[in-house]
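Here the structure is laid out as structure tokens; the discussion comes afterwards.
As the structure is a prediction and not an experimental result, all values here were calculated from the model. Below, chain A is the first sequence line, B the second, and so on; all start at residue 1.
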Protein chains: 2
Amino acid sequence: MAGDKKISMAVIRRLPRYFRYLYDLIRLDIRRISSKELSERMDITASQIRQDLNCFGGFGQQGYGYNVQSLYDEIGRILGVERRFSCALFGAGNMGNALANYENFQNRGFDITVIFDSAADKVGTAIHGIPVLHVDGMESFLKSKHVDIAILTVPNRAMPDITARVVKAGVKGIWNFSPTDLKLGEGIVVENVHLSDSLMVLGYRLMEQLREDAARRK
Amino acid sequence: MAGDKKISMAVIRRLPRYFRYLYDLIRLDIRRISSKELSERMDITASQIRQDLNCFGGFGQQGYGYNVQSLYDEIGRILGVERRFSCALFGAGNMGNALANYENFQNRGFDITVIFDSAADKVGTAIHGIPVLHVDGMESFLKSKHVDIAILTVPNRAMPDITARVVKAGVKGIWNFSPTDLKLGEGIVVENVHLSDSLMVLGYRLMEQLREDAARRK
DNA sequence: TAGATTGTTAATCGATTAACAATC
DNA sequence: TAGATTGTTAATCGATTAACAATC
């Protein structure tokens with residue numbers, strides 16, 4: 001049922017993955033798919049797929065399965081790909097550069113409208129056509145342009161100041177690339193991309209794997 | 001007990017976070033901490049902290065708590081920060097550039113020893129002192145230099161070819177920045193960084209938040 | 001010793017999987 | 001109609017939280 005009951009984060013985090021797989025199916029010109037077939041492609045159980053989708057509504061048809069295009073559209077709608085968010089990128093370093101140049105965010109409804117930095121040689125330039133302004137002037141820009149999301153790629157030491165200021169200026173979402181964990185009040189949504197954490201987990205799992213390989217060889 | 005029973009991924013993914021918080025405590029010159037105090041800082045339950053740590057051994061002391069430095073050392077050891085992995089970076093685009101310039105991976109024991117690309121204007125140059133070689137020659141390099149990890153920042157269309165080749169050349173871990181989900185055999189460890197997925201989840205949660213805000217205002 | 005806090009077992013909660021009646 | 005496959009309920013599994021005896 002498409003009720004209003006709270007959807008669990010576990011389900012939400014799987015939605016973009018469904019979205020990607022369905023897009024692939026469309027490109028392969030596959031028109032319909034059963035939870036069974038999809039489960040084999042995605043390597044999750046058919047049960048989970050049906051449970052997940054039924055959090056949002058009955059998108060399938062008994063005896064038939066799911067129409068690929070309409071399921072894709074539905075999940076896109078749930079993820080809100082048609083709405084647009086205005087984003088400000090903080091930090092014009094290497095990661096900031098990479099994100100500013102990444103076309104894909106546009107397609108997903110995220111417009112990076114400004115980049116803030118404090119380095120004199122960067123302020124006044126543009127990256128991928130996006131103007132780089134001095135961070136001192138963020139408040140008036142964020143408020144007047146109604147920026148929804150701050151993308152943070154600033155050094156750790158700058159984090160407390162920057163986060164406090166963007167939140168005060170009305171930003172509601174933060175995409176955080178710094179290792180700092182943000183402690184913010186209610187009503188601010190934070191999504192972390194902790195690259196070092198991810199790499200360390202890879203390292204742990206790799207060591208574990210190598211230990212297993214060694215044990216098997218014995 | 002420091003047994004050999006399989007540690008769950010949920011626990012492993014929390015380890016880098018403990019590691020970061022303990023490092024912060026060291027810098028604050030805090031010598032000991034109880035699970036209660038740490039739980040308040042990290043916003044998780046004290047019970048969970050004690051359960052997590054006890055997967056690996058009894059690091060604390062009744063009536064005292066945990067010694068910050070030695071707990072930091074223990075978790076570092078579990079995460080294997082002292083071992084070194086040899087990494088090859090594929091793709092000298094914006095993301096590749098950002099990763100090549102990121103000092104922090106070195107500190108965590110990951111050495112990027114080579115960058116592979118196919119663009120004539122990039123091959124033969126160096127990024128952050130790391131040589132950019134043509135991707136055609138990857139096999140001999142990967143094998144002779146015993147590369148452990150491939151960091152993939154290549155376009156989607158190049159993924160099937162590149163992954164097949166790095167695995168064949170003996171790479172055991174993949175840090176994947178492309179939206180492609182890798183389907184690999186047993187024994188290859190893959191850690192994904194799906195930036196678009198993360199951003200879409202942020203978008204979903206933000207819409208949800210805005211709906212709640214609107215409901216509250218009524 | 002008394003107080004504090006761990007290590008660990010038991011209880012609870014939530015997420016995943018299995019089963020099957022409903023229905024296309 | 002018969003076969004297929006969903007939507008949904010029930011069972012299982014695993015992770016989190018609570019409780020408390022052990023012990024510093």
Under a 3.5 Å cut-off for both contacts, is D:dT8 paired Watson-Crick or G-U wobble with anything, and if yes, with which nucleotide?
C:dA19
If pairing requires Watson-Crick or G-U wobble contacts with both distances under 3.5 Å, which nucleotide is the partner of D:dG3?
C:dC24
Out of [options], whichever nucleotide has its closest atom nearest the side chain of [X]:
{"X": "B:S47", "options": "C:dT6, C:dT8, D:dA18", "answer": "D:dA18"}
{"X": "A:R14", "options": "C:dC24, C:dG7, C:dT16", "answer": "C:dT16"}
{"X": "B:Q48", "options": "D:dT5, C:dT8, D:dT16", "answer": "D:dT16"}
{"X": "A:Q62", "options": "D:dT8, D:dC20, D:dT5", "answer": "D:dT5"}

Given atom [atom1] of [X] and atom [atom2] of [N], what is their separation to the nearest angstrom?
{"X": "B:I44", "N": "D:dA15", "atom1": "CD1", "atom2": "P", "value": "15 Å"}
{"X": "A:E37", "N": "D:dA4", "atom1": "CD", "atom2": "P", "value": "13 Å"}
{"X": "B:Q61", "N": "D:dT23", "atom1": "CD", "atom2": "C1'", "value": "9 Å"}
{"X": "B:Y64", "N": "D:dT23", "atom1": "OH", "atom2": "P", "value": "20 Å"}
{"X": "A:I12", "N": "C:dA15", "atom1": "CD1", "atom2": "P", "value": "10 Å"}
{"X": "A:D52", "N": "C:dA15", "atom1": "CG", "atom2": "C1'", "value": "10 Å"}
{"X": "B:K36", "N": "D:dA18", "atom1": "NZ", "atom2": "P", "value": "13 Å"}
{"X": "B:N67", "N": "C:dT6", "atom1": "CG", "atom2": "P", "value": "13 Å"}

So does [X] get a side-chain nitrogen or oxygen closer than 4.0 Å to the phosphate oxygens (OP1/OP2) of [N]?
{"X": "A:S35", "N": "D:dT6", "value": "yes"}
{"X": "B:Y66", "N": "C:dG7", "value": "yes"}
{"X": "B:T45", "N": "D:dT17", "value": "yes"}
{"X": "A:R50", "N": "D:dT6", "value": "yes"}

A:A10 vs B:F59, nearer the 5' end of DNA chain C by closest nucleotide
B:F59
Side-chain ion pair, [X] and [Y], N-O less than 4.0 Å:
{"X": "B:K36", "Y": "B:E40", "value": "yes"}
{"X": "B:D43", "Y": "A:K183", "value": "no"}
{"X": "B:D213", "Y": "A:K172", "value": "no"}
{"X": "A:D29", "Y": "A:R31", "value": "yes"}
{"X": "A:E139", "Y": "A:R165", "value": "yes"}
{"X": "A:E208", "Y": "A:R205", "value": "no"}

Quick one: does A:Q51 reach the base of D:dT8 with a side-chain donor-acceptor pair under 3.5 Å?
no
Does the D:dA15 base have a donor-acceptor partner in the side chain of B:S8 within less than 3.5 Å?
no
